[in-house]
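Here's the structure we're looking at; comments come further down.
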Amino acid sequence: METEMNLQPQPHVLLFPFPVQGHIKPMLTLAQLLCHSGIHVTFVNTEHNHLLLTQREALSARFPTLHFHSISDGLPSDHPRSLNPYFIDIVTSLRSKTGPLLHQLLVSLTSKTDVDSAADQLPPLSCVITDGLMCFAIDAADKVGIQVIAVRTSSACSVWCYLCVPKLIEEGQAPFGDEESDKMVLGVPGMEYILRRRDLPSICRAPTNHTVRQFFVEEHIAITRASGLILNTFDELESSVLSHIASKFPKIYAIGPLHALLQSRVGDDDLSSSSAAAASLRREDRRCMMWLDSQEAGSVIFVSYGSLVKLTRVQLLEFWHGLVNSGSPFLWVIRSDVLHSTEVEHANRVTPVELEMGTKERGFIVDWAPQEEVLAHEAVGGFLTHSGWNSTLQAIWAGVPMLCWPQLADQQVNSRWVGEVWKIGVDMKDTCDRATVETMIKALMHGEEREVISRAVDQYAKSARTSVGEAGSSYHNLETLISDLRTLVI
Ligand code: UDP
């Protein structure tokens with residue numbers, strides 16, 4: 001059987017992630033999963049991000065059918081490429097400049113014209129797996145006559161909300177002003193009595209730039225032209241929402257948590273952390289692991305806002321006071337670019353002495369952490385998170401209760417699910433004053449609710465393990481994806 005499969009021509013699939021950390025990482029994990037089953041993958045990054053992925057050669061050595069390729073994002077080399085506030089610049093350039101380049105690449109890969117010398121052995125391209133925020137890839141693939149499967153790296157609950165946004169706009173439920181934030185949302189089937197307007201994706205908030213909202217609406221209309229949708233979630237976590245999304249796509253593949261599925265399929269415990277590092281666009285500061293070793297089990301609150309969220313200096317100080325006053329030891333990721341650019345000039349202002357003292361006693365600050373390993377460390381007892389989907393899934397996998405402070409995109413939806421549906425954390429949406437931060441950290445780490453929350457998150461961690469195990473849903477769904485890709489071989 002094995003030999004027979006090896007003799008058959010292997011599919012060749014192109015993976016095309018949206019050019020930010022939270023999309024590249026899960027898609028690179030998917031690439032490794034496909035390569036592990038013998039499929040050829042051409043992984044296309046923007047030139048800028050291609051250079052930041054410094055461990056490409058090591059990954060290709062481990063997965064010989066993994067090929068990297070880069071393509072221009074059309075922006076000048078000195079462009080900051082920060083989504084906030086350059087989102088529209090970036091997506092406009094991707095659509096108008098990268099789109100035609102992608103088409104050229106597809107022409108050359110489908111017609112077997114080698115794009116580089118290492119591609120000698122590559123079979124012709126049979127499918128494009130594109131990030132669902134770059135649906136121009138569907139047009140490009142249509143022109144060369146190959147199928148497209150889309151990936152959304154967000155939760156199913158947020159994807160379903162995004163798919164319903166046009167209807168919410170039509171019904172006047174979005175955009176909404178501050179005074180309407182607590183009204184219940186009625187237009188998202190299956191989510192009645194769960195969602196308040198403030199829990200909708202951030203594009204539904206009135207001050208959001210209209211062109212950003214328009215972009216998301218367009219992409220979520222275009223995405224339904226894909227022949228399937230891959231989601232980094234698992235059936236047991238989001239089954240009812242998945243069934244709603246299934247009404248919009250011929251096929252749905254829920255194959256998460258991807259990082260855990262990779263570990264399960266390849267059977268190498270070290271793989272997950274080394275492949276996480278290999279997918280990182282920033283250098284991890286591993287000193288924090290030694291600091292964690294010196295802390296008591298379950299005592300540390302880990303704080304991270306992901307790769308994109310920006311803060312004002314006032315917000316940063318409120319968090320800092322709250323963290324110090326909570327009395328819990330804390331590991332805090334403060335990216336070098338975490339402050340809004342307009343605030344940077346104030347960043348070197350003198351820090352209050354009590355904060356310096358409190359941090360020296362109980363805190364550890366890094367620019368970027370090996371997050372998956374941090375969450376798995378026994379010293380970590382809570383996660384103050386921006387509720388990015390990768391972070392949320394990683395916390396579920398590690399069984400760590402969350403305190404959510406969502407800011408952008410799908411984060412508002414994710415945090416509502418964490419707090420109200422799964423009950424594996426608490427939602428601190430739309431506030432971060434020092435007293436609230438202190439009280440909520442204390443409640444999460446030591447309050448009455450902690451036991452209930454811990455039990456719930458442990459339960460989901462267990463079902464995540466089942467889902468990536470051999471008889472599990474994500475394992476099975478990946479098998480289906482792989483066999484569907486095999487039917488597309490030209
Ligand atoms: N991450 C990390 N180290 C950090 C902070 C974040 O490795 O110090 C990783 C995290 O594990 C996750 C990704 O960056 O894989 C962030 O993705 P997420 O979807 O949570 O948020 P985004 O950055 O897209 O807002």
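Whatever order the structure lists ligands and atoms in, that order sets their numbers, starting from 1. Keep in mind it's a predicted model, so treat the numbers as computed, not measured.
Residue contact check for ligand 1: Glu284 places no non-hydrogen atom closer than 4.0 Å to it. Residue Ser304 places a heavy atom under 4.0 Å from ligand 1.
When only non-hydrogen protein atoms are considered, atom 16 (C) of ligand 1 lies nearest to Ser391 OG, 4.2 Å. Shortest contact from atom 23 (O) of ligand 1 to any protein heavy atom: Ser307 OG, 2.5 Å. The nearest heavy-atom contact from the protein to atom 19 (O) of ligand 1 is Asn390 ND2, 2.8 Å. The protein atom (non-hydrogen) at minimum distance from atom 11 (O) of ligand 1 is Gln394 OE1, 2.7 Å. The closest protein non-hydrogen atom to atom 24 (O) of ligand 1 is Gly22 CA, 3.6 Å.
Below 4.0 Å from some heavy atom of Gly388 lie the following atoms of ligand 1, by number and element: 18 (P), 19 (O), 20 (O), 21 (O). Which parts of ligand 1 touch Trp389 is read off a 4.0 Å heavy-atom cut-off, strictly below it: atoms 19 (O). Counting the atoms of ligand 1 from 1 in the order shown, those under 4.0 Å from a heavy atom of Gly306 are 23 (O). Each of the atoms 25 (O) of ligand 1 lies under 4.0 Å from some heavy atom of Gln411.
There is a side-chain donor-acceptor pair under 3.5 Å between Ser280 and Trp368. Using modelled atom types, one finds a donor on one side chain and an acceptor on the other under 3.5 Å when comparing Glu236 with Ser473. A donor atom on one side chain and an acceptor atom on the other are found under 3.5 Å apart for Asp89 and His79. Between the side chains of Trp417 and Ser158, no donor N or O sits under 3.5 Å from an acceptor N or O. A donor and an acceptor atom, one from each side chain of His377 and Asp293, are located under 3.5 Å apart.
A side-chain donor-acceptor contact under 3.5 Å links Arg450 to the backbone of Leu444. No donor-acceptor pair closer than 3.5 Å links the side chain of Gln412 to the backbone N or O of Arg198.
The closest heavy-atom contact to atom 7 (O) of ligand 1, among the options Ser280, Ala369, Pro370, comes from Ala369. Remark: among candidates Tyr305, Trp368, Trp332, Phe18, the nearest residue to atom 2 (C) of ligand 1 is Trp368, based on non-hydrogen atoms.
Looking at ligand 1, you'll find an N or O of His386 within less than 3.5 Å of one of its N or O atoms.
A salt bridge between Glu438 and Lys442 is present, with a side-chain N of the basic residue lying under 4.0 Å from a carboxylate O of the acidic one.
Classification of the Phe216-Phe87 ring pair by plane angle, with boundaries at 30° and 60°, yields parallel.
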